[in-house]
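Data block below; observations after.
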Amino acid sequence: MSDHLKEIPPAAQLLGREIVSVDPHSGEVKLRFAAKGEFANRHGTVQGGMLAAMLDSATGNAVMARLPSHLTAVTTRLDTSFLKPAALGAMLATARLVRQDERSADVTAELTDSEGQIVATARAELRIRERKNQS
C-alpha cells in the first residue's frame, strides 16, 4: 500500500474511512465509510455534502495510491450525482482512475449503501503537485 494511504487525516477519521482494497496497477480503490447519526439531514438520511465528502475521499485515494511520497493530489473539480436517499450506516465507495499524466488525473466513483444500492456517483479532476509538508 502507498505511504499516502497509511495517513489518516482528520476528515477521514470523521467519515470513519477504512481502506478495503487498493489496486495501484488498475487505479481502483474500495473504501468503507461509517455514516453516523451526526451525518443525518432533516429527513433522517445522509446529508448530500457528507456523501460528496466520501466520494471526494475515494477519488483522491485512487490517485494517491499511485503517487510517490514527494507528490500529492488535490481535487479541482468534483461533479456529484445523488441517485437515491442514503440510509445511515456502512457505505462502500469504489473509485477508478480513468486517466492520469504527470500533472492531473480524472477519476470516477460510486457510493453504495449497506444493501449494495448505488446512492451517489462522482467524477473528479485532480491536480498533481509537489507535496509541501512531508512528515
Side-chain angles (χ1 to χ4, degrees):
M1 182 180 342
S2 165
D3 286 342
H4 288 297
L5 301 188
K6 293 176 185 171
E7 299 171 4
I8 305 172
Q13 290 177 12
L14 174 67
L15 294 171
R17 186 187 80 199
E18 175 187 342
I19 296 170
V20 175
S21 67
V22 177
D23 185 344
H25 301 293
S26 72
E28 180 178 284
V29 298
K30 290 184 185 282
L31 305 174
R32 187 173 297 117
F33 295 96
K36 304 176 247 182
E38 296 89 342
F39 295 6
N41 59 25
R42 70 184 75 211
H43 310 289
T45 57
V46 183
Q47 196 270 342
M50 302 308 287
L51 298 173
M54 293 174 194
L55 289 163
D56 183 42
S57 179
T59 57
N61 276 279
V63 178
M64 297 296 278
R66 295 172 55 110
L67 293 179
S69 61
H70 73 282
L71 295 177
T72 192
V74 294
T75 304
T76 58
R77 182 177 181 138
L78 181 70
D79 296 324
T80 306
S81 296
F82 303 104
L83 307 178
K84 64 178 282 187
L88 297 172
M91 310 288 287
L92 181 69
T94 302
R96 295 173 188 90
L97 188 65
V98 174
R99 182 202 62 80
Q100 181 178 339
D101 59 31
E102 66 278 350
R103 299 182 69 204
S104 63
D106 295 328
V107 184
T108 60
E110 63 184 35
L111 190 62
T112 58
D113 62 15
S114 61
E115 297 177 3
Q117 298 293 311
I118 299 172
V119 297
T121 61
R123 182 168 184 87
E125 297 172 5
L126 294 96
R127 172 76 53 208
I128 297 170
R129 63 182 197 183
E130 290 288 325
R131 188 170 179 174
K132 291 183 180 175
N133 56 345
Q134 295 182 36
S135 32

message: Show, in sequence, the C-alpha distance, side-chain angles and deciding distance for Gln100 and Leu67, and conclude whether the side chain to side chain contact (heavy atoms under 4.5 Å, CB included) test is met.
response: CA-CA 11 Å; Gln100 181 178 339; Leu67 293 179; 3.7 Å; yes
Among the clusters formed by ILVMFWY side chains lying less than 4.5 Å apart, do [X] and [Y] turn up in the same one?
| X | Y | result |
| --- | --- | --- |
| Val107 | Leu71 | yes |
| Leu92 | Val29 | no |
| Leu51 | Leu78 | no |

Counting only N and O atoms by type, is there a donor-acceptor contact under 3.5 Å from the side chain of [X] to the main-chain atoms of [Y]?
| X | Y | value |
| --- | --- | --- |
| Asp56 | Thr59 | no |
| Asn61 | Ser57 | yes |
| Thr76 | Glu125 | yes |
| Gln47 | Gly49 | yes |

Short side-chain donor-acceptor distance under 3.5 Å, Ser81 and Arg123: no
Around atom [atom1] of [X], are there more than 12 heavy atoms of other residues, nucleotides or ligands at under 6.0 Å?
| X | atom1 | result |
| --- | --- | --- |
| Gln13 | CD | yes |
| Arg77 | CZ | no |
| Arg99 | CZ | yes |

- prompt: Which is it for Arg32 and Arg17 under the side chain to side chain contact (heavy atoms under 4.5 Å, CB included) test, yes or no, and what are the steps along the way?
  reply: CA-CA 6 Å; Arg32 187 173 297 117; Arg17 186 187 80 199; over 6 Å; no
- request: Applying side-chain contact (heavy atoms from CB on, under 4.5 Å) between Val46 and each of Leu111, Leu88, Asp113, Val119, report the one that passes.
  value: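 The option that passes is Leu88.
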- request: Any chance you could lay out the side chain to side chain contact (heavy atoms under 4.5 Å, CB included) test for Arg96 and Glu28, step after step, and finish with the verdict?
  value: CA-CA 4 Å; Arg96 295 173 188 90; Glu28 180 178 284; 3.0 Å; yes
field: Working for side chain to side chain contact (heavy atoms under 4.5 Å, CB included), residues Met54 and Phe39
entry: CA-CA 12 Å; Met54 293 174 194; Phe39 295 6; 3.9 Å; yes
Quick one: pull up [atom1] in [X] and [atom2] in [Y] and give me the separation to the nearest 0.5 Å.
| X | Y | atom1 | atom2 | result |
| --- | --- | --- | --- | --- |
| Glu38 | Lys36 | CD | NZ | 6.0 Å |
| Asp79 | Thr121 | CG | OG1 | 9.5 Å |
| Ile19 | Ile8 | CD1 | CD1 | 7.5 Å |

